[in-house]
Asks: 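Please find one structure pasted underneath; my questions will follow.
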Amino acid sequence: MTFRERLRALPTFPPGLPPFGVDLDDLATAPATPQELFAQWFDDALAAGIGAPHAATLSTADAGGHVHARTLVIKDVTADGWWFAGQATSPKGRDLAENAHAALTVFWRELGRQVRVTGRASSAGPEAGAADFRARPDGSRAAGLVGHQSEPLGSRQEYWDAFAARLVGTREDPAVVAPAWTAWVLAPATVEFWAASDDKGQSRLRYRATPSAPPETDAWTKELLWP
């Protein structure tokens with residue numbers, strides 16, 4: 001069997017996928033904001049026992065248009081947007097400094113659901129970054145303090161020694177913060193909810209931000225998309 005044949009033989013989704021959770025024939029009844037619908041779907045993922053339901057792929061691009069992606073965890077979802085964190089000196093930090101446009105993709109295979117968030121990411125400020133860092137487990141803070149993310153490494157022992165030293169320092173001083181640690185918030189321009197089904201194809205619901213809308217009107221446009 002060729003590799004292509006092995007790939008095509010794999011099932012994509014399990015049977016018994018849940019309904020979309022929104023009446024797609026009457027979008028007026030859908031949650032007013034994408035954050036609300038995301039919270040509903042996230043609760044469904046938790047109830048289904050999906051591992052790491054807060055994991056997401058962050059895609060960024062530098063000033064030259066070179067695209068980079070990595071998996072991280074979502075730290076919060078608020079009216080401001082979707083939150084994540086890391087080193088400002090990391091590849092994603094450098095990308096965002098050059099080009100604030102970014103995208104987050106969340107995929108819950110067991111539910112046949114995907115969420116895509118696109119918009120501009122900005123730093124939430126030093127206090128938010130410090131608070132995020134201090135809330136991390138000891139090992140995670142030690143790794144952040146080691147720094148040098150994505151730089152060439154001479155040997156694994158070099159890293160182990162640096163990590164061990166930082167771990168001791170982190171436990172001795174829980175208030176220490178990596179200087180370049182940053183909390184970003186991705187303010188959504190669009191949020192798309194995609195779902196597969198057992199027998200009705202696929203469904204796509206997109207929220208588009210309308211920031212110029214008067215305060216008394218809905219700030220989001222809800223629309224169906226062809227799968």
Side-chain angles (χ1 to χ4, degrees), residues 3-24 27 30-31 33-61 66-78 80-86 90-93 95-96 99-121 132 140 150 183-209 220 222-227:
F3 194 74
R4 177 186 293 271
E5 291 170 335
R6 291 167 58 196
L7 290 174
R8 290 187 174 276
L10 293 172
T12 304
F13 300 111
L17 295 177
F20 196 92
V22 168
D23 184 356
L24 298 179
L27 296 186
T33 71
Q35 287 91 332
E36 293 174 71
L37 182 53
F38 184 86
Q40 292 180 22
W41 277 23
F42 184 80
D43 287 342
D44 291 343
L46 284 177
I50 294 175
H54 56 336
T57 299
L58 173 69
S59 301
T60 58
H66 302 96
V67 179
H68 310 103
R70 74 289 291 162
T71 300
L72 42 67
V73 295
I74 297 170
K75 295 304 188 72
D76 200 359
V77 179
T78 67
D80 293 324
W82 276 251
W83 294 66
F84 58 93
S90 67
K92 65 175 171 289
D95 278 1
L96 292 173
N99 179 359
H101 294 281
L104 271 175
T105 305
V106 182
F107 179 55
W108 297 308
R109 175 191 174 273
E110 294 85 348
L111 299 179
R113 290 176 174 177
Q114 176 180 255
V115 182
R116 299 171 57 213
V117 184
T118 64
R120 293 177 63 88
D132 177 88
S140 181
S150 299
W184 288 278
V185 58
L186 177 59
T190 66
V191 183
E192 180 187 317
F193 296 84
W194 178 98
S197 70
D198 291 330
D199 57 2
K200 294 183 179 179
Q202 304 164 3
S203 300
R204 294 171 67 187
L205 170 60
R206 181 171 64 188
Y207 286 73
R208 285 192 295 111
W220 293 94
K222 293 173 281 188
E223 55 194 357
L224 297 178
L225 301 177
W226 280 86

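Since the model is a prediction, treat every value here as computed from it, not as a measurement.
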Asks: Do you know which two heavy atoms are closest between A69 and T57, and how far apart they sit?
Replies: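 So the two residues come closest at CB-CG2, 4.0 Å.
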Asks: Could you pull out the closest heavy-atom pair between P188 and Q35, with the gap in Å?
Replies: CG-NE2, 4.4 Å
Asks: Decide whether T60 and R70 meet the rule of one side-chain donor and one side-chain acceptor closer than 3.5 Å.
Replies: yes
Asks: Which heavy atom in G112 sits nearest to a heavy atom in W194, and how many Å separate them?
Replies: O-CZ3, 3.5 Å
Asks: Donor-acceptor pair, K222 side chain versus A30 backbone, under 3.5 Å?
Replies: yes
Asks: Between L58 and A102, what is the shortest heavy-atom contact and its length?
Replies: CD1-CB, 4.1 Å
Asks: CD1 of I74 to CZ of F84: how many Å apart, nearest 0.5 Å?
Replies: 10.0 Å
Asks: Rounded to the nearest 0.5 Å, what's the gap from CG on L225 to CZ on F193? Could you check?
Replies: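 Rounded to the nearest 0.5 Å, the CG-CZ separation comes to 12.0 Å.
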Asks: Would you indicate whether the side-chain heavy atoms of L104 and L72 approach each other to under 4.5 Å?
Replies: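 When only atoms from C-beta onward are counted, L104 and L72 do touch, with a gap below 4.5 Å.
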Asks: Can you measure from CG (L17) to CD (Q202) and round to the nearest 0.5 angstrom?
Replies: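 Going from the CG atom of L17 to the CD atom of Q202 covers 11.0 Å.
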Asks: Taking distance alone, no hydrogens or angles, what donor-acceptor pairs closer than 3.5 Å link side-chain atoms of residues 36-45 to residues at least two apart or in another chain?
Replies:
residue: E36; atom: OE2; partner: T33; partner atom: N; Å: 3.3
residue: E36; atom: OE2; partner: T33; partner atom: OG1; Å: 3.1
residue: W41; atom: NE1; partner: F20; partner atom: O; Å: 3.1
residue: D44; atom: OD2; partner: R113; partner atom: NH1; Å: 2.8

Asks: Looking only at heavy atoms, which two atoms of V22 and P31 are closest? And how far apart?
Replies: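 Smallest heavy-atom distance, with atoms named: CG2-CD, 4.1 Å.
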Asks: When rounded to the nearest 0.5 angstrom, what is the spacing between CG in L24 and CG in L205?
Replies: 6.5 Å
Asks: Closest heavy-atom contact between A55 and V106?
Replies: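 Nearest pair, atom of A55 first, then V106: O-CG1, 3.8 Å.
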Asks: Please name the residue in the list Q114, R206, R204 that meets the side-chain hydrogen bond (donor to acceptor under 3.5 Å, both in side chains) test with E192.
Replies: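 Per the side-chain hydrogen bond (donor to acceptor under 3.5 Å, both in side chains) rule, the option paired with E192 is R204, out of Q114, R206, R204.
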Asks: Could you grab the distance from atom CZ of R208 to atom OG1 of T190, nearest 0.5 Å is fine?
Replies: 9.5 Å
Asks: Nearest 0.5 Å, please: how far is OG in S59 from CG in D95?
Replies: 10.5 Å
Asks: Take the angle between the ring planes of W220 and Y207 and call it parallel below 30°, perpendicular above 60°, tilted in between.
Replies: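 W220 vs Y207 ring planes: perpendicular.
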Asks: Under the side-chain hydrogen bond (donor to acceptor under 3.5 Å, both in side chains) test, which residues partner H54, sequence neighbours left out?
Replies: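 With sequence neighbours excluded, H54 shows a side-chain hydrogen bond (donor to acceptor under 3.5 Å, both in side chains) to no residue whatsoever.
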Asks: Start with the C-alpha gap between F13 and D198, add the side-chain angles, then the distance that decides, and say whether side chain to side chain contact (heavy atoms under 4.5 Å, CB included) holds.
Replies: CA-CA 9 Å; F13 300 111; D198 291 330; over 6 Å; no
